[in-house]
Structures are given as C-alpha cells and as structure tokens.
Amino acid sequence: MKRCKQDAEKTKLQLIDAACEVFYREGVARATLEQIAREAGVTRGALYWHFNNKVDILDALFQETMPSIEALQGRLVGLQADDFWLGLEQHYIHVLHRLETEERFRKFCTVMHLKCEQTQSNAQVVDLLKQYRHTWIQVTQNIVAEAVASTALPAQTDVILTTKLLCSLLVGIMVAYLGEVEEKKDVSKVVSPEPMLTHMLRLMRQSPMLKN
C-alpha cells in the first residue's frame, strides 16, 4: 500500500512537471490533456486519476511552485522599520533570484504572466488567476496595515496606495524580465532585475506619496 501511494505521488509530480513544460511551450489555452499525459509518459487515464481538467493541474502547479505569501506575512509581523523593509526586500530578491537561476520556476512564471491567454475557452483559468491575484493583493495589504499598526511604517501611510505600488513593482519587474528572456532566448544575456528592485524599494521608503 505504501508503495502504491508513493507511485501515485510520483505520477502526480510527473504530471505537474509535464504540465509546466506543455503550458510554457503551447500556452495554456492551446495545451491539451493529451499533450500533458504524453509529456509525462503516462496514459490519459492516469492523468484523470489525479486531475479533472487543466484548471486543476494549473492550481496544483501553482501550489507546488509558488512561495507562500502568508509565510512572508508571518515573518514581517512586529518588525520595526529597518527590519521590515529589509525583510520585504529579501523576500522580493529571493523571488527574482529564483527567476534567474531556476529554469522550472522561470517557465512557471512565464506561463502565469505571459501565456495564460484571455480567451473565452480559457475563462476558468483566467478566473483562477484572478483568485490568486486577489489573495496576493489582500495579503500584501494586510502586511502593510500591520506594519502601520506596529509603527514599522508611519501612521500616515496610505495603505491602499502602498499595496498597489508594492504589487505593481514586483509584477512589473518580473514581467519585463521574463519578456526579455523570451525575446533573447538566453537568460545570460538579460541584465539582472535585482538591483532595480532594491533601488525602487529604497525610493519607495522615502516617498512622500505613501503618506495620506
């Protein structure tokens, strides 16, 4: 029984890895379950044992790949200003470093940001992405609000504006970097996004625009 569970888990992980490759190569809308099963080297029956559709697979891929934003919230609670900004910067830098050094993570992020087409046939996938985005924005807003409450950020900080700036900053830098990697087909030819992120976060900290 234990061996059967191990084999089932191994097959599930193979399917998740295969889905990342197929989604990256074909785009989510054009990818098929048949292609994913073939990429994983399993039957469609084996695929359906674990997943009902592409939405289920994409959700599993997301859960298996993305770092928990809730974990970041726990690490930043109660920190004072310098440590709060340092912790935020380290988390964002870690995400960008993974983009540069982990091909699988880079392909996944390319799928999420550049290859989930906004088509009618892809509506369920788009809705799932909206759920992810809403959760990420909400948790980021909670992080900012808690930082204000603990005086890590000034009492006059505009929580909504700061949240939008933080989310837009990270996503904007990621999308620009991923787009350039796709264009040049060689990650070694693309300038690291980490210095820009560090610079922009430090500018944000000093910005009077974050105050009400």
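Just so it is clear, the model here is predicted, and its values are computed rather than measured.
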Return the minimal non-hydrogen interatomic distance between [X] and [Y], and the atom names on each side.
| X | Y | value |
| --- | --- | --- |
| I16 | A60 | CD1-CB, 3.9 Å |
| P193 | I173 | CB-CG2, 3.5 Å |
| D56 | N53 | N-OD1, 2.9 Å |
| V125 | C116 | CG1-SG, 4.0 Å |
| V187 | E100 | CG2-O, 4.0 Å |
| E117 | G27 | OE2-CA, 3.3 Å |

Legend entry - Donor-acceptor side-chain pairing of E146 and N142 below 3.5 angstrom: no
Inset, instruction - Determine whether the side chains of T101 and R106 contain a donor N or O and an acceptor N or O closer than 3.5 Å. - result: no
Close side-chain approach of [X] to [Y], heavy-atom, < 4.5 Å:
| X | Y | value |
| --- | --- | --- |
| W85 | R202 | no |
| V148 | P154 | no |
| I57 | L33 | yes |
| E180 | K184 | yes |

Inset, instruction - Given salt bridge (Lys or Arg N to Asp or Glu O under 4.0 Å), test D83 with R75 step by step and report yes or no. - result: CA-CA 10 Å; D83 290 335; R75 291 196 299 271; over 6 Å; no
Legend entry - Derivation and outcome, side-chain contact (heavy atoms from CB on, under 4.5 Å), residues D82 and R205: CA-CA 10 Å; D82 289 343; R205 183 175 180 181; 2.5 Å; yes
If you round to the nearest 0.5 Å, how far is [atom2] of [Y] from [atom1] of [X]?
| X | Y | atom1 | atom2 | answer |
| --- | --- | --- | --- | --- |
| T43 | E34 | OG1 | CD | 9.5 Å |
| L58 | M112 | CG | CE | 5.0 Å |
| L114 | K107 | CG | NZ | 14.5 Å |
| E89 | H199 | CD | NE2 | 12.0 Å |
| Q131 | D59 | CD | CG | 8.0 Å |
| E26 | E21 | CD | CD | 11.5 Å |

Taking [atom1] in [X] as the centre, count heavy atoms belonging to other residues, nucleotides or ligands within less than 6.0 Å. Is the count above 12?
| X | atom1 | result |
| --- | --- | --- |
| Q63 | CD | yes |
| E182 | CD | yes |
| K12 | NZ | no |

Inset, instruction - Check the pair F105 / V95 against side-chain contact (heavy atoms from CB on, under 4.5 Å), numbers first and verdict last. - result: CA-CA 9 Å; F105 184 68; V95 173; 4.2 Å; yes
Same cluster or not: [X] versus [Y], using hydrophobic residues (I, L, V, M, F, W, Y) connected whenever any side-chain heavy atoms lie under 4.5 Å apart?
| X | Y | answer |
| --- | --- | --- |
| V190 | V171 | yes |
| V126 | L61 | no |
| I93 | L86 | no |

Does [X] reach the main-chain N or O of [Y] with its side chain, forming a donor-acceptor pair under 3.5 Å?
| X | Y | result |
| --- | --- | --- |
| S207 | L203 | no |
| E102 | L99 | no |
| T157 | V159 | no |
| K54 | A31 | yes |
| T151 | A147 | no |

Legend entry - Cation-pi geometry met for K115 and F23 (6.0 Å, 45°): no
Inset, instruction - Start with the C-alpha distance between L166 and L201, add both sets of side-chain angles, then the distance that settles side-chain contact (heavy atoms from CB on, under 4.5 Å), and finish with yes or no. - result: CA-CA 8 Å; L166 286 172; L201 276 177; 3.7 Å; yes
Legend entry - Passing candidate, side-chain contact (heavy atoms from CB on, under 4.5 Å) with M174, options L197, L169, T110, L96: L96
Legend entry - Positive for side-chain contact (heavy atoms from CB on, under 4.5 Å) with T163, one of V144, I143, D158, V139: V144
Inset, instruction - Please work out which of the three classes, parallel, tilted or perpendicular, describes the rings of Y132 and F62, given edges at 30° and 60°. - result: parallel
Inset, instruction - Would you mind checking if R104 and E64 are paired as a salt bridge, meaning a charged N to carboxylate O distance below 4.0 Å? - result: yes
Inset, instruction - Check the pair V42 / W49 against side-chain contact (heavy atoms from CB on, under 4.5 Å), numbers first and verdict last. - result: CA-CA 11 Å; V42 304; W49 177 262; over 6 Å; no
